[in-house]
There are 2 protein chains.
Amino acid sequence: MTAEPRPATTGGPLSALTEDDLGSPAQRDRRKRILDATMALASKGGFDAVQMRAVAERADVALGTLYRYFPSKIHLLVTALIREFGRALERLERTPIPGETQAEGVLYVLSRNTRSLQRDPQLTEAMTRAFMFADTSVAAEVTEVGRLLERMLTAAMGVEEPSEEDKAIARVIGDVWLSNLVAWVTHRASAEDVSNRLELTVRLLLGPREAR
Amino acid sequence: MTAEPRPATTGGPLSALTEDDLGSPAQRDRRKRILDATMALASKGGFDAVQMRAVAERADVALGTLYRYFPSKIHLLVTALIREFGRALERLERTPIPGETQAEGVLYVLSRNTRSLQRDPQLTEAMTRAFMFADTSVAAEVTEVGRLLERMLTAAMGVEEPSEEDKAIARVIGDVWLSNLVAWVTHRASAEDVSNRLELTVRLLLGPREAR
DNA sequence: GGCTGAACTGGAACACGTTCTTATACTGGC
DNA sequence: GCCAGTATAAGAACGTGTTCCAGTTCAGCC
């Protein structure tokens, strides 16, 4: 019911539009409505319930418009994940991280985020599976998720100028965290399993090393 | 073009049939033809090229039969992955693992398997993405992959009766390995990146700990 | 106020995973 | 060799992601 310039040059976007690519307020609003609709549907029925026609209808947008903003269901869901992680990172950067050691800080951040995701299993399932299924066309978005995660974890480690090694450790922890999240989402690991494995991983990577 | 008892009680299998569920030789053969067809198609065009109609045709089997043996495309590809990992494990258990330390043994096994998968990028893409996308209905198969990986890595560590901690370490390394494989498959990491990250991970988990 | 081009709408069309139906072929038991 | 039951074949049918098209609406410019 409107039309403004810019969501893409004709021919279709190569990847989801970033927020600041959108000029007009109406377009920002459409984009937000789409992401909100996506999350509402995901929250209710998981990955399968995020049906493009349903998202379009709920966001009050034509199907073609939805595809103009997000070139695929996967882009859509991974972008939603980026938004969520971005918000989590903001919250994180606003509050001090408890814990004496790096390990404690990291575990605090991990379990906080894990719990937060576990509060909405269906939504988590939808975003996680999309993230894992993403192919090369979603590389930019997936990379962005990785960056956010890295920032969260290096922040949790209490370093402001992370070295390459710090980043590498953060990446390893992030990999393990995501793996366990997937295992939890697919019912192959309980919440307690996840928590135990994360503790062990962090201990091995950041904690004191006992004799072997 | 035949018919023997058993591939499933009527109503459809809950998960892919295991090899030993199949009684008749003709059925074993069908199953093998299906998996071979799957891998041939995957090898040529990756995940998208593994189309159920194409698999059925190539395996010389009706579409309905294909679905009787494997209840979904994901089951099919993850089962192919199990077969591959099983073979890799067999090969592994037949040859001694070089390297003085645990870290060296693990790195040897990791890089050997990584190279082997990288030799057929499309096939790896297909199997990896199926594995990552798998939902709860494929939990058994996914768990089996995890078990195989764990056995490969504990063998690489040179322990025959792995302790819980050994297994946990193997799981962490497996998680990181798979993450990096996915990153490679989606062109977010080069082969060298993968190799560097694995080295670092193994060093952190199994190697000498330097001052921090 | 009218023009132009891009964005949006509504809906048809298409592809592929999955399910279902009907007929035929095979197997094991008698 | 015949029967009963199940597996398979062949293909139609359905759902959902994705693409496409014709028509409409809007923003910026004269």
Side-chain angles (χ1 to χ4, degrees), chain A residues 1-13 16-17 21-31 33-34 38 41 45-57 59-77 126 129-130 133-135 137-138, chain B residues 1-13 16-17 21-31 33-34 38 41 45-57 59-77 126 129-130 133-135 137-138:
Chain A
M1 54 175 55
T2 35
E4 304 87 50
R6 276 269 228 93
T9 48
T10 325
L17 303 163
D21 278 346
L22 293 167
S24 96
Q27 284 176 340
R28 275 174 193 274
D29 188 56
R30 258 189 221 101
R31 188 185 139 97
R33 286 205 313 273
I34 291 173
T38 300
L41 289 167
F47 186 85
D48 291 339
V50 180
Q51 300 188 357
M52 298 305 268
R53 290 171 181 83
V55 171
E57 187 173 357
D60 201 25
V61 140
L63 190 54
T65 305
L66 172 53
Y67 274 94
R68 173 185 293 277
Y69 280 74
F70 299 96
S72 80
K73 174 170 171 172
I74 303 296
H75 282 85
L76 181 54
L77 280 164
R129 289 187 59 207
F133 191 57
D135 68 356
S137 74
V138 203
Chain B
M1 45 159 78
T2 37
E4 304 89 48
R6 275 266 230 93
T9 48
T10 326
L17 303 164
D21 277 346
L22 292 168
S24 95
Q27 284 177 340
R28 275 173 194 278
D29 188 57
R30 261 190 218 99
R31 190 187 138 96
R33 285 207 311 274
I34 291 172
T38 301
L41 289 167
F47 186 86
D48 291 339
V50 180
Q51 301 187 357
M52 299 305 268
R53 291 173 180 82
V55 171
E57 187 173 357
D60 201 25
V61 136
L63 190 54
T65 304
L66 171 53
Y67 273 94
R68 174 184 293 277
Y69 281 73
F70 299 96
S72 79
K73 173 170 173 174
I74 303 294
H75 282 86
L76 181 55
L77 280 164
R129 288 187 60 209
F133 191 57
D135 67 358
S137 73
V138 203

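Labels below follow one simple rule: chain letters A, B, ... track the order of the sequence lines, proteins then strands, and each chain is numbered from 1.
To the nearest angstrom, P of C:dC16 lies 13 Å from CG of B:Leu41. Between B:Arg31 atom CZ and D:dT8 atom P there is a gap of 13 Å when expressed in whole angstrom units. Note: CD (B:Glu57) to C1' (C:dC16) measures 15 Å, nearest angstrom. B:Arg68 has its CZ atom 14 Å from the C1' atom of C:dA25, to the nearest Å. The separation between B:Leu76 atom CG and C:dG17 atom C1' is 12 Å, rounded to whole Å. In this entry the distance linking CD of A:Gln27 with P of D:dG28 reads 10 Å, nearest Å. Rounding to whole angstrom units, CG of residue A:Leu66 and C1' of C:dG11 are separated by 15 Å.
For the pair A:Phe70/A:Arg31, a side-chain contact is recorded, criterion being any heavy-atom separation below 4.5 Å from C-beta on.
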Query - Stepwise side-chain contact (heavy atoms from CB on, under 4.5 Å) check, A:Leu41 with A:Gln51 - result: CA-CA 8 Å; A:Leu41 289 167; A:Gln51 300 188 357; over 6 Å; no

Requested in this report: Go through the steps to decide whether A:Gln27 and A:Tyr69 satisfy the test side-chain contact (heavy atoms from CB on, under 4.5 Å), and finish with yes or no.
Outcome: CA-CA 9 Å; A:Gln27 284 176 340; A:Tyr69 280 74; 3.2 Å; yes

Requested in this report: Start with the C-alpha distance between B:Asp135 and B:Ile74, add both sets of side-chain angles, then the distance that settles side-chain contact (heavy atoms from CB on, under 4.5 Å), and finish with yes or no.
Outcome: CA-CA 9 Å; B:Asp135 67 358; B:Ile74 303 294; over 6 Å; no

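Because its NZ or CZ atom is both nearer than 6.0 Å to the ring centre of A:Phe47 and within 45° of the ring axis, A:Lys73 counts as a cation-pi partner of that residue.
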Give every pair of a protein N or O atom and an N or O atom of nucleotides 16-20 of chain D that lie under 3.5 Å apart, one pair per line with the distance.
unit_1, atom_1, unit_2, atom_2, d
D:dT16, OP1, A:Gln51, NE2, 3.0
D:dG17, OP1, A:Val50, O, 3.4
D:dG17, OP1, A:Lys73, NZ, 3.0
D:dG17, OP2, A:Met52, N, 3.0
D:dG17, N7, A:Arg53, NH1, 2.8
D:dG17, O6, A:Arg53, NH2, 2.8
D:dT18, OP2, A:Tyr67, OH, 3.0
D:dT18, OP2, A:Lys73, N, 2.9
D:dT18, O5', A:Tyr67, OH, 3.4
D:dT18, O4, A:Arg53, NH2, 2.9

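Not one side-chain nitrogen or oxygen of B:Thr65 sits closer than 4.0 Å to the OP1 or OP2 atom of D:dA7. In this model, the phosphate group of C:dA7 is not approached by any side-chain N or O of A:Tyr69 to a distance below 4.0 Å at OP1 or OP2.
Shortest non-hydrogen contact noted between B:Leu66 and B:Met52 is CD2-O, 3.3 Å.
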